[in-house]
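Data block below; observations after.
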Amino acid sequence: MKKNKFIAIEGIDGSGKSTQAKNIAKRLEAEGHKVYLTFEPTDMRIGKMIRTILGGKEKADEKVIAALFVADRLDHILHETNGILKKLADGFTVITDRYYFSSYAYHGAHMDMDWVIQSNKMAADILKPDINIFVDVSPEVAMKRINANRETIEIYETLDNLKAVQAQYVLAFEKLKESEHIVAVNGDETPEKVSEALWEILQKEIQNN
Ligand SMILES: Nc1ncnc2c1ncn2[C@@H]1O[C@H](COP(=O)(O)OP(=O)(O)O)[C@@H](O)[C@H]1O
Ligand SMILES: Cc1cn([C@H]2C[C@H](O)[C@@H](COP(=O)(O)OP(=O)(O)O)O2)c(=O)[nH]c1=O
């Protein structure tokens, strides 16, 4: 078997990341890979704290939120039993629904992106994704999907913010294109079409090692 991969899926809220992450996980499993599907914010201690803030139940300064995400990410990587490093060591292909590019894009919209990149350097030094997949959707389409399908809307889920975050993703990818493997798919398409495009990219990635 080829080396098991670490795949990060990125995109604004409503881009269809979670749908695609689940789909890839199923397809990889059907091909005999052991797959661990995970996400950020995590469902561990710090991730839970973050969700109460994102849900609007507690307030926190944007810098504090960004720092909590750094801590949650390190927990995500390093946790003894469920951490990504442990899962990779155990032979799983790990797919994460969001990783540090989410921080660059979401927090970069509120503060200096270089500060956010610096504060995530420890995570990036420990573990870079083999591939970052950007589900590139127009903010208007994403907002429609969120409004149609959700009972609760989180603090970042406004059209203006989605537009700002989308622009920050583009900036972050441009900034880091030399040191990161980044591939985009058109998320405005039907789930089936997005899934096919993604699958093609992954087949290549898996064969390349
Ligand atoms: N390509 C697509 N076209 C139309 N609707 C989609 C598509 N992908 C996902 N959806 C729907 O849009 C909503 C948001 O998708 P989801 O995968 O949860 O996005 P994200 O994880 O990026 O927020 C869900 O209700 C999902 O069923
Ligand atoms: C991982 C991460 C997520 N976020 C935000 C993006 C989302 O608005 C929110 C929750 O993520 P998520 O549950 O993935 O929301 P969705 O399924 O709608 O995309 O957390 C950050 O602000 N910084 C980060 O580092």
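What you are looking at is a predicted structure, and each value in this text was computed from that prediction instead of being measured. Both ligands and their constituent atoms are indexed starting at 1 by order of listing.
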For Y99 and F6, I'd like to know if the aromatic rings sit close, meaning centre-to-centre distance below 6.0 Å. yes
Considering residues at least two apart in sequence or located in another chain, which fulfil the salt bridge (charged side-chain N to carboxylate O under 4.0 Å, His left out) criterion with K87? none
Run through all N or O atoms in ligand 2 and write down each protein N or O closer than 3.5 Å, as a pair with its distance.
{"unit_1": "ligand 2", "atom_1": "8 (O)", "unit_2": "D13", "atom_2": "OD1", "d": "3.1"}
{"unit_1": "ligand 2", "atom_1": "8 (O)", "unit_2": "D13", "atom_2": "OD2", "d": "2.9"}
{"unit_1": "ligand 2", "atom_1": "11 (O)", "unit_2": "R98", "atom_2": "NE", "d": "3.3"}
{"unit_1": "ligand 2", "atom_1": "13 (O)", "unit_2": "R51", "atom_2": "NH1", "d": "3.4"}
{"unit_1": "ligand 2", "atom_1": "14 (O)", "unit_2": "R98", "atom_2": "NE", "d": "2.8"}
{"unit_1": "ligand 2", "atom_1": "18 (O)", "unit_2": "D13", "atom_2": "OD2", "d": "2.9"}
{"unit_1": "ligand 2", "atom_1": "18 (O)", "unit_2": "R150", "atom_2": "NH2", "d": "2.9"}
{"unit_1": "ligand 2", "atom_1": "18 (O)", "unit_2": "E157", "atom_2": "OE2", "d": "3.2"}
{"unit_1": "ligand 2", "atom_1": "19 (O)", "unit_2": "K17", "atom_2": "NZ", "d": "2.9"}
{"unit_1": "ligand 2", "atom_1": "19 (O)", "unit_2": "R98", "atom_2": "NH2", "d": "2.8"}
{"unit_1": "ligand 2", "atom_1": "23 (N)", "unit_2": "H107", "atom_2": "NE2", "d": "2.9"}
{"unit_1": "ligand 2", "atom_1": "25 (O)", "unit_2": "R73", "atom_2": "NH2", "d": "2.9"}
{"unit_1": "ligand 2", "atom_1": "25 (O)", "unit_2": "S103", "atom_2": "N", "d": "3.3"}
{"unit_1": "ligand 2", "atom_1": "25 (O)", "unit_2": "S103", "atom_2": "OG", "d": "2.5"}

Geometric N/O contact T19 with ligand 1, under 3.5 angstrom: yes
Under the salt bridge (charged side-chain N to carboxylate O under 4.0 Å, His left out) definition, can you give me all pairs with a residue in residues 94-113, not counting sequence neighbours? D13-R98, K17-D97
Would one find an N or O of P191, backbone or side chain, under 3.5 Å from an N or O of ligand 1? yes
Is the F173 to F134 ring centre distance short of 6.0 Å? yes
Could you pull out all residues at least two apart from K48 that satisfy side-chain contact (heavy atoms from CB on, under 4.5 Å)? none
Is the closest basic N to carboxylate O distance between K177 and E174 below 4.0 Å? yes
Which option, V137, N149, I146, D188, owns the non-hydrogen atom nearest atom 25 (O) of ligand 1? N149
Short version for E189: what comes under 4.0 Å of ligand 1, heavy atoms counted, is backbone
So for V135 against ligand 1, with non-hydrogen atoms under 4.0 Å, the contacting part is neither
